[in-house]
Amino acid sequence: ENGKVTVYRGCGALSQPPETALSWSTNRINALWFANHSGRGQALYEGEISPENVAAYFPDFRNENEVVVRANTVENIKKWDMIPVTQENMTALLIPILRELAQYGSCVAELGYEQESMFEVHGRKHILRVLVLSLIYFYKSGEKLSERDKQILIYFSLLHDIGRTNEDKDDAHGKKSVQRIKADNLSIPGITLSSKEKDMAHLIIRYHSRADEDGYTAIKAMRKLSQSEREHLKKLYCICKDVDGLDRVRFNGLDVAMLRTPYAAKLALVAGSLLHENIEKFINESKGEQK
């Protein structure tokens, strides 16, 4: 409205600071990708530029919607609220979750998830990263979440894609996953959900691949839940969709502004750093130590 263009810049540990940087993007998804692939992700910045200060523009997504600007002409630079990836921050986030990550992560291979290839992005690595993000969310978000909530988060993480049979956008794969859980009587050792809690977890899985409104409508229709239980289920639904959505960083598909919970948005750079961790190796080594 002021004639200026909003631009974004993702910075990793190897990036120039935004004040002196000449390369920006009109797309925050591209900018986040850049932050996560320029050393450890440090920040996502937003600013404004007058059109006359744009030296060049490469407008398609593959070219990162790159805007080359004249030096020192980006104004009103603001940093998005995200946890930067440092040794200290990652240690603080991961220490509380390691025991449960080793315990529950060992189920992923047993559940039959495939190893991932270059063209497969819904296999073991995806499931393990969602498990990591769920556990981090539980321990570090500061929200009032119970032991039962943690079990639902773990159950969701491990089973939400168990019915997925392709790599395309598939709105029905949540429903197929619930059908498979029931048909094969799948369970997770150590997770003890009551039948009501299982119904809640299955609703989240069923609707995690559908529009938010579809999920909210289904939650409203769960008459066996009290009003406060329905409100809480809606919150868990949002958290589960967000921890799954955060792993869209793996194919340059995460728009942080589309996340539903403020804490998940803070984890966008952390989610990017998990792409470079061998979580399966950690789990296998932990299993070896326990023998």
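Index from 1, following the sequence.
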Worksheet item: Can you check salt bridge (charged side-chain N to carboxylate O under 4.0 Å, His left out) on Lys125 and Glu280, steps first, answer last?
Response: CA-CA 7 Å; Lys125 290 178 180 175; Glu280 198 162 5; over 6 Å; no
Worksheet entry | Test salt bridge (charged side-chain N to carboxylate O under 4.0 Å, His left out) applied to Asp244 and Lys241, step by step | CA-CA 5 Å; Asp244 184 34; Lys241 284 196 88 167; over 6 Å; no
Worksheet item: Which is it for Leu145 and Lys235 under the side chain to side chain contact (heavy atoms under 4.5 Å, CB included) test, yes or no, and what are the steps along the way?
Response: CA-CA 10 Å; Leu145 295 169; Lys235 178 179 173 173; 4.3 Å; yes
Worksheet item: Could you walk me through whether Ile279 and Ile283 pass the side chain to side chain contact (heavy atoms under 4.5 Å, CB included) check?
Response: CA-CA 6 Å; Ile279 303 169; Ile283 287 162; 4.0 Å; yes
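Both Leu135 and Leu274 sit in one connected hydrophobic cluster of ILVMFWY residues. Membership requires side-chain heavy atoms under 4.5 Å apart, directly or through other members.
Salt-bridge annotation for Lys79 and Glu46: absent, with no side-chain N of the basic residue lying under 4.0 Å from a carboxylate O of the acidic one. Residues Lys234 and Glu231 are not paired through a salt bridge, judged by the lack of any N-O separation under 4.0 Å between the basic side chain and the carboxylate. Under 4.0 Å is where a charged nitrogen must lie from a carboxylate oxygen, and between Lys224 and Asp199 at least one such pair does. Of the charged side-chain nitrogens involved, at least one lies within less than 4.0 Å of a carboxylate oxygen, so that Lys4 and Glu75 count as a salt-bridged pair.
A distance-only check finds a donor-acceptor pair linking the side chain of Asn27 to the backbone of Ile29 [under 3.5 Å].
With a 6.0 Å radius and a threshold of 12 heavy atoms from other residues, nucleotides or ligands, Lys150 has its NZ atom above the threshold. Counting heavy atoms of neighbouring residues, nucleotides and ligands inside a 6.0 Å radius, atom CD of Gln87 does not exceed 12 of them. Remark: Glu88 CD is loosely packed, at most 12 non-hydrogen atoms of other residues, nucleotides or ligands lying under 6.0 Å away. Few gaps surround NZ on Lys176; more than 12 heavy atoms of other groups in view lie less than 6.0 Å from it.
When every heavy atom of Glu197 is checked against every heavy atom of Ile152, the shortest pair comes out as O-CD1, 4.2 Å. The shortest heavy-atom contact between Gly3 and Pro51 is O-CD, 3.1 Å. The two residues Ile162 and Leu111 have their closest heavy-atom pair at CD1-O, 3.6 Å. Across Pro18 and Trp24, no two heavy atoms sit closer than the pair O-CZ2, 3.5 Å.
Residues Thr261 and Asp242 have side chains that bring a donor and an acceptor to within less than 3.5 angstrom of each other. Judged by distance alone, the side chains of Gln151 and Arg148 never bring a donor and an acceptor atom under 3.5 Å apart. For the 3.5 Å distance criterion, the side chains of Tyr207 and Thr217 fail to qualify, holding no donor opposite an acceptor. Tyr237 and His232 form no side-chain donor-acceptor contact under 3.5 Å, judged by distance and modelled atom types alone. Counted by atom type alone, His276 and His37 present zero donor-acceptor pairs between their side chains at under 3.5 Å. Side-chain contact annotation: Tyr45 with Glu19, donor-acceptor N/O pair under 3.5 Å absent.
To the nearest 0.5 Å, the span separating CZ on Arg40 from CG on Leu14 amounts to 11.0 Å.
A cation-pi arrangement is not found for Lys140 relative to Tyr263, the charged atom failing to lie both closer than 6.0 Å to the ring centre and inside a 45° cone about the ring normal.
Glu66 meets the side-chain hydrogen bond (donor to acceptor under 3.5 Å, both in side chains) test with Ser23; sequence neighbours excluded.
Ring pair His160/His126: centre-to-centre distance below 6.0 Å.
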